[in-house]
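Input: a single structure, listed below in structure tokens.
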Amino acid sequence: MTGRPGGRRVTSADVAREAGVSRATVSYVLNDSPRQRIPVATRQRVREAAARLGYAPSAAARSLRRGRSDIVLGLLPDWPIEHVLGRLVQQLTDALAQHELTFLVHSAAHPARQLGEVWKALTPAAVLALDAFPEAEAGAMRAAGIEVVMAVHGPAGSGHGSALVPEEPIGAAQARHLARAHRRLGYAYPDLARLGVLAGPRLDGVRRVCAELGLAEPDVHTVSPEPGGAVRAVKAWLAADPPVTGICAFNDAVALAVLAALPALGLRAPHDLAVIGVDDIPGAALARPPLTTVVRDTGVIARALARRIADALEGGRAPASALPEPLRVRVRVSA
């Protein structure tokens with residue numbers, strides 16, 4: 001007998017019949033039970049039978065065996081899901097899979113189901129939120145048996161307000177790079193208020209470095225993605241006293257809008273205005289001129305988050321300290 005019996009879900013009993021062994025033996029082999037001494041040939045026969053039939057252990061069975069779910073529920077705020085966020089989700093999926101955990105993502109973009117409905121339906125082992133969520137919600141999750149409740153950019157009922165992945169060093173790296181040649185800096189703030197949890201700390205990093213180096217407070221203007229919005233901001237920076245000559249942009253998309261606005265004013269980067277972004281999106285290298293940008297290693301972040309979740313599920317205490325995050329500036333022509 002091969003294939004899926006009668007089109008129904010393949011069970012361990014089907015694998016046992018195919019391999020000519022007991023269901024217990026199938027369980028021991030597929031779960032790699034260390035307490036059972038099963039001949040190598042029998043193990044191979046069971047695994048080959050399971051592969052032929054397309055057998056996959058049910059999530060419910062795994063949960064019963066482990067005493068918990070293997071699901072980590074990822075909560076995405078209502079942010080644009082662009083290159084960097086998409087890459088982080090994939091890297092978290094891969095990193096958690098290394099710990100035999102399944103990453104499921106729920107976006108808060110309207111008209112998504114309410115958060116409470118989602119976690120109650122899934123009963124995950126852990127919840128990982130990119131943004132903060134209320135203490136009451138975190139308490140309800142823990143009361144329902146969710147073992148790990150963690151937020152990346154703010155508190156998740158943890159009693160501490162520090163971010164696991166701080167954004168402030170990114171702005172500081174931008175400012176330090178520009179301050180080598182520029183004495184008046186500006187900041188290009190995104191026009192989406194919901195990105196403030198990222199943009200605010202990055203701007204704080206620019207402000208801190210300006211204060212440390214004795215520079216004036218950065219001149220902040222909101223930049224919308226269309227070139228017209230960026231033109232207004234560039235005019236304001238150049239009209240400042242003294243004029244702004246270096247721009248730290250919230251991310252590469254905002255930086256590209258600033259670069260696109262310069263030719264309309266007869267200007268060019270970096271001669272008239274130097275611009276540095278964040279994230280090194282694919283279009284950054286193709287910009288005219290190519291965009292200098294701060295690069296963060298999201299793979300390191302994903303692996304560190306997965307390790308903290310896995311350790312906490314095994315009975316450890318998830319530390320509240322920030323994750324190590326190496327940053328580097330990819331220098332191109334724009335700054």
Side-chain angles (χ1 to χ4, degrees), residues 74-89 105-116 118 127-138 150-157 161-175 185-208 210 217-237 240 244 247-261 275-279 281 283 291 293-294 296 298 301:
L75 303 179
L76 302 187
D78 187 11
W79 295 346
I81 301 179
E82 297 175 338
H83 174 75
V84 176
L85 183 53
R87 181 177 64 197
L88 177 60
V89 168
V105 175
H106 172 71
S107 171
H110 184 76
R113 292 178 66 186
Q114 292 296 311
L115 170 59
V118 175
V127 169
L128 175 66
L130 288 194
D131 201 355
F133 55 92
E135 166 72 37
E137 192 84 57
M150 190 180 294
V152 173
H153 289 108
S162 60
L164 288 178
V165 181
E167 299 294 318
E168 192 260 11
I170 290 176
Q174 290 180 301
L185 304 184
Y187 191 82
Y189 204 90
D191 69 340
L192 293 177
R194 57 186 182 270
L195 292 175
V197 67
L198 305 177
R202 292 181 189 183
L203 174 56
D204 288 342
V206 176
R207 285 177 169 143
R208 177 172 62 80
C210 286
E217 176 86 2
D219 190 12
V220 183
H221 289 280
T222 298
V223 172
S224 55
E226 69 274 6
V231 165
R232 290 188 293 273
V234 170
K235 286 181 177 179
W237 283 317
V244 171
I247 301 300
C248 303
F250 164 69
N251 64 7
D252 287 351
V254 174
L256 292 176
V258 174
L259 287 182
V275 182
I276 183 171
V278 180
D279 290 333
I281 63 176
L291 179 65
T293 184
V294 173
R296 68 192 318 173
T298 54
I301 295 172

- Non-hydrogen side-chain atoms of V197 and W79 separated by less than 4.5 Å: yes

- Message: I'd like to check L198 versus F250 (side-chain heavy atoms, cut-off strictly below 4.5 Å). Are they in contact?
- Response: yes

- Task: With sequence neighbours left out, write down each residue that passes side-chain hydrogen bond (donor to acceptor under 3.5 Å, both in side chains) with D252, or none if nothing qualifies.
- Result: T293

- Can you sort out the partners of E82 under side-chain hydrogen bond (donor to acceptor under 3.5 Å, both in side chains), two or more places apart, ordered by chain and number? none

- Query: Any side-chain heavy-atom pair from L291 and L259 closer than 4.5 angstrom?
  - Reply: yes

- Message: For a 4.5 angstrom cut-off between non-hydrogen side-chain atoms, does V258 reach V234?
- Response: yes

- Query: So, do L203 and P218 sit near enough that their side-chain heavy atoms are less than 4.5 Å apart?
  - Reply: yes

- Sequence neighbours left out, what passes salt bridge (Lys or Arg N to Asp or Glu O under 4.0 Å) with E167? Give chain and number order. R202, R296

- Task: Could you tell me whether the side chain of D279 and the main chain of I281 form a donor-acceptor pair under 3.5 Å?
- Result: no

- Message: R194: which residues meet the side-chain hydrogen bond (donor to acceptor under 3.5 Å, both in side chains) condition with it, sequence neighbours left out?
- Response: none

- Message: Can you list everything that forms a salt bridge (Lys or Arg N to Asp or Glu O under 4.0 Å) with D204? Sequence neighbours excluded, please.
- Response: R207

- So, the side chain of Q174 versus the backbone of V294: is there a donor-acceptor pair under 3.5 Å, distance only? no

- Residues passing the ring pair (Phe, Tyr, Trp, His ring centres under 6.0 Å) test with H221, sequence neighbours excluded, are W237

- Partners passing side-chain hydrogen bond (donor to acceptor under 3.5 Å, both in side chains) against T298 (at least two apart in sequence or in another chain): R87, Q91

- Could you check if a side-chain atom of D131 sits within less than 4.5 angstrom of a side-chain atom of D78, using non-hydrogen atoms only? no

